[in-house]
Amino acid sequence: MNNIKIIPFIAAAGIMLTATMANAGDAEKGKKVAKKCTACHTLEEGGKHRLGPNLFGILNKTAGQATGYKYSKDMMSSGITWDPTTFLEFVTKPKRVLKNTKMSFRGIKSADQRADLLAYFKTLGAQEGVDLSHGDPVAGKRAAEKNCVVCHSFEKGGKVVYGPNLFDIAGKPAAAIEGYNYSPALKASGLTWTDKNLAGFVANPEQFVKGTRARFPGVRSVKDQADILAYIKSLK
């Protein structure tokens, strides 16, 4: 987003947002406030897009990236990350943040309600309280067979399929498997396959590394993400 464009709304909202952030919020109350959202959005994991996109797990994600939803051009090019500050700014008055957003919602005037809504959205996904490093490798093998084997092999010395063999990649630099022609984006990413990076890629490859050759929409279930991560880490 152009910095010049966002300065006015940040300045105008600054005092109000500071007061909101001081309120930790009540997730149970926020669930009730979220009924304002369900006219246009689904909130459950794996929910369908409606007039607006599914909002499960959006906190700390880049705006305009939900697979299968047609966003406005302004949202697609905004560069917004839905951290707590930008989330609160947007729900205060969406069109003050993005003039040409499709969202016709006028906003939530009450600072307490906004704080409660944020607290509730923090429960929708893996942002807090979910340790992706503690999955079940046996369940992860089943999930990998369901989601990944069309493009990858997992056994030692396995063949390159559409994607590279994934045996013993945990903790290794990305784009390091010999014999596979990686995308320029992954080669230039500088990633190491830490728990966090593996989980992020499994959740949504094309969002995590823009330009990747992986044409997979991602694993939405947090449990399946954790289990697949545990399985990949077991491959030594």
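Nothing fancy with the numbering, it's 1 onward along the sequence.
Annotation for Phe154 and Leu235: closest pair CD2-CD1, 3.7 Å, computed over non-hydrogen atoms. Across Gly163 and Val160, no two heavy atoms sit closer than the pair O-CG1, 3.8 Å. What you find for Pro184 and Arg213 is that their closest heavy atoms are CD-NH2, 4.4 Å. The minimum heavy-atom distance between Pro217 and Pro205, with the atom names listed, is C-CD, 4.4 Å. Contact between Ala203 and Gln225 at its shortest, heavy atoms only, is CB-NE2, 3.6 Å. When all heavy atoms of Tyr120 and Ala27 are compared, the pair lying nearest together is CB-O, 3.6 Å.
A donor-acceptor distance shorter than 3.5 angstrom exists from the side chain of Thr194 to the backbone of Asn197, with no hydrogens or angles considered. The main-chain N or O of Val209 is never found under 3.5 Å from a side-chain atom of Thr212 such that the two would form a donor-acceptor pair. His41 contributes a side-chain N or O that, together with a main-chain N or O of Pro53, makes up a donor-acceptor pair within less than 3.5 Å. The backbone N or O of Gly57 lies less than 3.5 Å from a partner atom in the side chain of Lys61, making a donor-acceptor pair.
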task = Could you walk me through whether Leu55 and Leu124 pass the side chain to side chain contact (heavy atoms under 4.5 Å, CB included) test, one step at a time?
result = CA-CA 8 Å; Leu55 298 181; Leu124 301 179; 5.9 Å; no
request  = Determine, stepwise, if the pair Cys40 / Arg50 fulfils side chain to side chain contact (heavy atoms under 4.5 Å, CB included).
outcome  = CA-CA 6 Å; Cys40 297; Arg50 298 169 70 180; 5.9 Å; no
query = Yes or no on side chain to side chain contact (heavy atoms under 4.5 Å, CB included) for Val202 and Phe208, after CA distance, side-chain angles and deciding distance?
reply = CA-CA 9 Å; Val202 167; Phe208 196 77; over 6 Å; no
inquiry  = Pair Thr42, Asn54 - check side-chain hydrogen bond (donor to acceptor under 3.5 Å, both in side chains), show working.
reply    = CA-CA 5 Å; Thr42 57; Asn54 172 263; 2.8 Å; yes
key: Chi angles and distances behind the side-chain hydrogen bond (donor to acceptor under 3.5 Å, both in side chains) call for Gln65, Lys210   = CA-CA 10 Å; Gln65 298 298 313; Lys210 295 187 189 311; 3.0 Å; yes
task = Given side chain to side chain contact (heavy atoms under 4.5 Å, CB included), test Ile80 with Leu98 step by step and report yes or no.
result = CA-CA 10 Å; Ile80 289 174; Leu98 288 176; 4.2 Å; yes
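Atom CD1 of Ile169 is separated from atom OG1 of Thr192 by 11.5 Å, given to the nearest 0.5 angstrom. The distance from atom OG of Ser110 to atom CG of Asp116, rounded to the nearest 0.5 Å, is 7.5 Å. In this structure, CG on Leu191 lies 6.5 Å from CG on Leu186, to the nearest 0.5 angstrom. Atoms OG and CE, on Ser78 and Met76 in that order, are 9.5 Å from each other to the nearest 0.5 Å. Taking CG of Leu88 as the reference point, atom CD1 of Ile108 lies at 9.5 Å (rounded to 0.5 Å). Taking OG1 of Thr81 as the reference point, atom CG of Leu59 lies at 11.5 Å (rounded to 0.5 Å).
In this structure Tyr182 satisfies the ring-ring contact (aromatic ring centres under 6.0 Å, His included) test together with Tyr180, sequence neighbours excluded. Listed by chain and residue number, Tyr69 satisfy the ring-ring contact (aromatic ring centres under 6.0 Å, His included) test with Tyr71 (two or more places apart in sequence, or in another chain). Lys29 is linked by a side chain to side chain donor-acceptor pair (under 3.5 Å) to nothing, counting only residues two or more places apart in sequence or in another chain. Taking Arg215 as the reference, Glu206 meet the salt bridge (Lys or Arg N to Asp or Glu O under 4.0 Å) condition, with sequence neighbours excluded. With sequence neighbours left out, Phe105 forms a ring-ring contact (aromatic ring centres under 6.0 Å, His included) with no residue at all. Annotation: ring-ring contact (aromatic ring centres under 6.0 Å, His included) contacts of Phe216 (sequence neighbours excluded): none. With sequence neighbours left out, Lys93 forms a side-chain contact (heavy atoms from CB on, under 4.5 Å) with Arg96.
Looking at Arg114 and Thr92, their side chains do bring a donor and an acceptor atom within 3.5 Å of each other.
Within the structure, every pair that satisfies the side-chain hydrogen bond (donor to acceptor under 3.5 Å, both in side chains) test and touches residues 151-177, not counting sequence neighbours, is listed here: Ser153-Asn165, Asp168-Lys172, Asp168-Lys236. Listed by first then second residue, pairs satisfying salt bridge (Lys or Arg N to Asp or Glu O under 4.0 Å) with a partner in residues 64-87 number zero, not counting sequence neighbours. Legend: salt bridge (Lys or Arg N to Asp or Glu O under 4.0 Å) pairs involving residues 37-49, not counting sequence neighbours: none detected. Residues in residues 83-104 take part in these ring-ring contact (aromatic ring centres under 6.0 Å, His included) pairs, two or more places apart or across chains: Trp82-Phe90, Phe87-Phe121.
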Side-chain donor-acceptor pairs of residues 135-148 under 3.5 Å, sequence neighbours excluded:
{"from": "Asp136", "atom 1": "OD1", "to": "Val138", "atom 2": "N", "distance (Å)": "2.9"}
{"from": "Asp136", "atom 1": "OD1", "to": "Ala139", "atom 2": "N", "distance (Å)": "3.4"}
{"from": "Asn147", "atom 1": "ND2", "to": "Ala143", "atom 2": "O", "distance (Å)": "2.8"}

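Considering only heavy atoms from C-beta on, Val161 stays 4.5 Å or farther from Cys151 through its side chain.
Open room surrounds NZ on Lys31; 12 or fewer heavy atoms of other groups in view lie less than 6.0 Å from it.
Under the 4.5 Å side-chain contact rule for hydrophobic residues, Ile177 and Val149 share a cluster.
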